[in-house]
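The structure appears below as structure tokens.
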Amino acid sequence: MRVACLGGGPAGIYFAISMKLRNPEHDIHVFERNRSGDTFGWGVVFSDQTLTNLTVNDPVSAGRIRDSFAHWDDIAVALDGRTEVSSGHGFIGIGRKRLLQILQARAAELGVVMHFETEFGDDLASYADFDLIVAADGVNSRIRTRYADRFDVDIQTRRNKFTWLGTQKLFDAFAFIFEKTPAGWIWAHAYRFDETHSTFIVECSPETWAGLGFEDMSQEETLAACERIFARHLDGHPLLSNSAHLRGSASWINFRRVLCGEWSFDNVVLLGDAAHTAHFSIGSGTKLALEDAIKLGEVLDRPGLDNRQALTQALKDYRDERQVEVLKIQNSARNSTEWFENIDRYADFDAEQFAYALLTRSQRVSHENLRVRDGRWLGRIEDWFAGKAGAGAGTPPMFAPLRLREAQLSNRIIVAPMLTYQADAKGRATDFHLAHYGARGLGGAGLLMTEMLAVSPEGRVTPSCAGLYDDDQIAGWARINALIHGGGETLVCAQIGHAGPRGACAAPQGGRPATTPLEQPWPLVAASDRPWAEGGLAPAALDEAGMDAVRDAFVAATRRAEAAGFDVLEIQAGHGTLLSSFITPLMNQRQDAYGGDLDGRLRFPLSVVKAVRAVWPEAKPLLVRISAEDWMGEAGLAPDEAVEIARRLAAAGADLIDVSSGETHPDARPVTGRMYQTPLSDRIRNEAGVRTLAVGAITETDQANAILAAGRADLVALGRPHLLDPAWTLKAAAAAGRREHPTPSVYRAGFDQLARQARSAADGVRA
């Protein structure tokens with residue numbers, strides 16, 4: 001096969017090596033516009049696993065790379081003079097120039113033809129005599145740009161500014177260095193990559209960049225300014241640049257996230273940064289490029305590749321087999337990018353929590369993974385968290401207590417509210433509720449939340465939904481609360497709400513949402529006369545008299561919740577219910593004082609919260625659940641609106657915001673995945689300054705501990721895991737060796753046995 005590889009960076013040259021290793025008869029030509037030895041940037045970072053992959057593919061070049069590596073295990077996080085150091089991370093770095101020298105020499109040994117100082121354009125006709133054209137021309141790929149429609153290109157320019165510098169100061173750890181200036185925070189990503197130099201990437205927000213005057217500085221002035229800012233970390237060493245071809249502020253760039261739906265067409269294929277990019281903060285761009293090269297060489301070596309159709313299929317296989325790994329890295333990179341773009345949220349954290357949040361920002365490193373890497377450091381973080389919560393040393397974050405007003409939660413795991421559709425015809429709790437909530441209330445969680453209890457008959461989702469709209473409904477819940485309170489320390493929260501446009505549906509089967517309208521529905525009300533779902537019942541727009549009646553119903557339900565012995569109260573103002581229909585612009589089309597801007601849309605919901613707070617006992621906490629994201633782009637809630645909503649709810653008397661999302665429009669397409677709603681909680685907690693409850697696809701103790709320790713929420717709710725395992729929290733406590741965890745006396749023997757089994761498993765012996 002005759003191959004033209006456009007671009008002589010690590011991706012292009014390593015692909016040429018990979019092809020030659022598989023078949024020396026391949027005629028491989030690499031075209032590079034720069035001279036041999038020219039490069040920009042300083043060092044690149046790999047993980048130990050990447051080096052293993054390179055060794056399997058080509059032991060010779062891998063050995064040379066290994067001999068040139070700088071290796072370190074520590075990550076140091078310096079926050080304005082306070083430093084945390086965590087070990088066990090296993091990174092390796094090499095100078096980009098040295099890496100290219102090794103790859104160029106290896107390619108020459110294998111017979112690859114290198115064409116340096118050779119400009120190449122985007123006219124594919126120039127390569128008509130080649131069987132395959134590989135575009136390895138980087139993030140600014142000319143081939144990808146010319147044929148963007150064929151590659152389904154999506155490019156996103158991120159907001160932060162960065163400049164890639166170097167220094168002769170040798171850092172013993174991978175250092176993240178944060179300094180506060182009068183213009184805002186600025187930070188460096190620094191790591192040694194050989195015996196004489198370290199990479200020193202400086203990053204900041206565009207506001208800080210402008211405030212420090214970098215826009216008007218020459219390159220020499222930029223270096224001098226950064227040397228002053230980071231002087232206490234550079235020990236007198238100057239900062240260096242190898243991009244003298246760039247003038248002044250041009251040395252500062254914005255990261256471009258490249259995503260391509262297709263990686264090839266005809267006999268043209270993208271490789272490395274031309275096809276996808278990963279933010280420098282997770283150090284995986286070169287890793288992805290080299291692993292792309294390995295995979296592309298592999299698929300092109302498969303039997304039967306003797307015609308254009310077979311080549312097309314091989315290139316499709318290359319994308320299909322690499323795309324999952326690339327998307328995983330890009331998702332992690334997105335998380336990391338957004339963390340650095342929002343440093344102001346976390347800058348006031350204690351150094352311990354700031355470092356923990358940084359290390360877990362991408363979700364690639366978990367709580368338990370940190371325990372494996374550096375158990376001593378993680379233990380100190382857990383002790384710090386426990387101390388802040390008033391718990392004993394060695395308490396994992398999820399088992400630390402939390403006080404809300406006079407209510408003391410023994411731990412931070414919450415049984416999330418889930419509709420059961422098991423009430424009787426009068427909306428009363430049944431024996432099912434006694435068994436269901438009783439089991440989960442004795443299962444060790446800090447707080448058990450009920451399904452939404454309707455504040456009026458027409459506020460139910462289905463005729464099988466429970467309510468607190470009649471005094472006759474108090475006794476059933478009082479019985480349930482007495483059972484739970486008598487068996488342990490779990491508190492119970494009544495979620496009250498009005499279904500609004502989601503009401504008058506038939507009870508569903510199999511855990512699906514209720515969407516089928518009743519044959520004889522009751523009248524529905526909402527902020528506007530828009531149905532909640534396609535083909536659903538049209539509600540009437542609630543008038544002021546109706547608002548007064550609904551508010552009174554919430555107040556009456558609150559009084560009944562107190563009479564039934566609930567410890568905590570939550571108002572449901574999310575998921576397209578009545579209060580939610582006022583808050584989101586997708587459902588609120590009103591032209592009066594209760595619509596339009598956020599002030600108008602919040603007017604009625606805030607009046608309900610204030611009225612409820614006025615009659616709910618002062619000692620007991622009030623929670624409010626919201627949909628903080630409509631998943632409808634610019635048509636839905638603006639990102640900063642959710643923060644402002646939380647602020648105003650807190651000012652109205654809410655002690656904690658239960659941060660959920662969606663269910664406000666039938667066309668919404670949420671970006672789901674593990675812990676997918678936690679970033680919403682993170683933003684609200686750390687920008688609005690209010691306590692939050694994180695919900696949504698949280699299933700493991702590892703995730704719960706990470707969310708809490710990183711300061712992304714104050715409480716963590718699990719719904720589905722508790723459906724089949726009412727004792728989820730008790731089991732987690734036993735597995736963690738929490739012998740002091742509050743446990744119903746009748747279950748203590750089972751708890752102790754499970755704790756012994758967990759301890760024996762950890763010790764590698766049979767209980």
Side-chain angles (χ1 to χ4, degrees), residues 426-427 452-463 465-473 494-505 517-518 520-533 536-563 569-616 622 624-627 645 648-649 651-654 664:
K426 295 184 177 181
M452 187 183 82
L453 306 180
V455 299
S456 65
E458 62 277 7
R460 293 172 294 168
V461 176
T462 78
C465 288
L468 275 178
Y469 52 82
D470 191 293
D471 289 349
D472 196 33
Q473 295 161 343
Q495 184 191 78
I496 60 173
H498 190 298
R502 297 194 62 171
C505 290
L518 293 170
Q520 295 181 317
W522 54 76
L524 301 183
V525 293
S528 302
D529 58 3
R530 173 191 169 284
W532 175 72
L537 300 170
L542 197 64
D543 60 20
E544 292 201 18
M547 292 182 209
D548 290 342
V550 168
R551 187 186 306 108
D552 290 344
F554 269 94
V555 168
T558 299
R559 296 186 189 278
R560 294 186 185 101
E562 165 63 8
L569 191 70
E570 175 169 276
I571 296 174
Q572 169 63 288
H575 294 176
T577 57
L578 179 59
L579 298 184
S580 175
S581 75
F582 277 84
I583 294 172
T584 172
L586 296 176
M587 302 180 72
N588 188 334
Q589 306 298 316
R590 301 175 74 104
Q591 302 299 314
D592 62 5
Y594 297 93
D597 62 12
L598 190 59
D599 288 339
R601 302 198 315 270
L602 277 177
R603 192 180 307 277
F604 176 56
L606 286 177
S607 74
V608 172
V609 173
K610 290 176 182 177
V612 167
R613 181 70 269 179
V615 299
W616 185 239
L622 175 65
V624 180
R625 170 171 276 211
I626 64 170
S627 286
I645 289 167
R648 297 194 191 185
L649 289 170
T664 56

May I ask you to test the [X]-[Y] pair for a side-chain heavy-atom distance under 4.5 Å?
| X | Y | result |
| --- | --- | --- |
| W522 | P463 | yes |
| F554 | L579 | yes |
| P501 | R530 | no |
| E458 | H498 | yes |
| T462 | C465 | yes |

(message) Test of understanding: with ring-ring contact (aromatic ring centres under 6.0 Å, His included), list the residues that count as partners of F582, not counting sequence neighbours.
(response)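 F582 satisfies ring-ring contact (aromatic ring centres under 6.0 Å, His included) with F604 once adjacent residues are dropped.
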
(request) State which residues pass ring-ring contact (aromatic ring centres under 6.0 Å, His included) with Y469; sequence neighbours excluded, sorted by chain then number. (result)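 With sequence neighbours excluded, Y469 shows a ring-ring contact (aromatic ring centres under 6.0 Å, His included) to no residue whatsoever.
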
(request) Kindly write out the residues that satisfy side-chain hydrogen bond (donor to acceptor under 3.5 Å, both in side chains) with D529, not counting sequence neighbours, or none if the list is empty. (result)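 side-chain hydrogen bond (donor to acceptor under 3.5 Å, both in side chains) list for D529, sorted by chain: empty.
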
(request) Kindly write out the residues that satisfy side-chain hydrogen bond (donor to acceptor under 3.5 Å, both in side chains) with R648, not counting sequence neighbours, or none if the list is empty. (result)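 By the side-chain hydrogen bond (donor to acceptor under 3.5 Å, both in side chains) rule, R648 matches D599, E644.
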
Under the rule for side chain to side chain contact (heavy atoms under 4.5 Å, CB included), what residues qualify as partners of [X], not counting sequence neighbours?
| X | value |
| --- | --- |
| K610 | A652 |
| P531 | A538 |
| P517 | L537 |
| T664 | S580, T584, L586, M587, S627, D630 |

(request) Report the residues that fulfil salt bridge (Lys or Arg N to Asp or Glu O under 4.0 Å) with E562, sequence neighbours left out, ordered by chain and then residue number. (result)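 Once residues adjacent in sequence are excluded, the partners of E562 under the salt bridge (Lys or Arg N to Asp or Glu O under 4.0 Å) criterion are K620.
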
(request) State which residues pass salt bridge (Lys or Arg N to Asp or Glu O under 4.0 Å) with R560; sequence neighbours excluded, sorted by chain then number. (result)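 So R560 forms a salt bridge (Lys or Arg N to Asp or Glu O under 4.0 Å) with D471.
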
Which atoms form the tightest heavy-atom contact between [X] and [Y], and what is the distance?
| X | Y | result |
| --- | --- | --- |
| S581 | A527 | OG-N, 3.0 Å |
| V555 | V612 | CG2-N, 4.4 Å |
| G500 | L578 | CA-CB, 3.8 Å |

With rounding to the nearest 0.5 angstrom, report the [atom1] to [atom2] distance, [X] to [Y].
| X | Y | atom1 | atom2 | value |
| --- | --- | --- | --- | --- |
| L524 | R502 | CG | CZ | 12.0 Å |
| R613 | L649 | CZ | CG | 13.0 Å |
| R625 | M452 | CZ | CE | 11.5 Å |
| L602 | I583 | CG | CD1 | 5.5 Å |

Within the distance-only criterion (no hydrogens, no angle test), does the side chain of [X] pair as donor or acceptor with the backbone N or O of [Y] below 3.5 angstrom?
| X | Y | result |
| --- | --- | --- |
| Q572 | L453 | no |
| R460 | G427 | no |
| D470 | P457 | no |

(request) Show your reasoning for whether side chain to side chain contact (heavy atoms under 4.5 Å, CB included) applies to L468 and V455. (result) CA-CA 6 Å; L468 275 178; V455 299; over 6 Å; no

(request) Only pairs at least two apart or in different chains count here, so list each salt bridge (charged side-chain N to carboxylate O under 4.0 Å, His left out) that has a residue in residues 538-555. (result)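 As it turns out, the salt bridge (charged side-chain N to carboxylate O under 4.0 Å, His left out) pairs with a partner in residues 538-555, which skip direct neighbours, are D548-R551.
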
(request) Sort and list the pairs that fulfil salt bridge (charged side-chain N to carboxylate O under 4.0 Å, His left out) and have at least one residue in residues 573-593, not counting sequence neighbours. (result)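 For residues 573-593, and leaving out neighbouring residues, the salt bridge (charged side-chain N to carboxylate O under 4.0 Å, His left out) pairs sorted by first residue read R590-D592.
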
(request) Apply the side-chain contact (heavy atoms from CB on, under 4.5 Å) test between I571 and each candidate in L622, I626, T558; give the one that qualifies. (result)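 Exactly one pass, corresponding to L622.
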
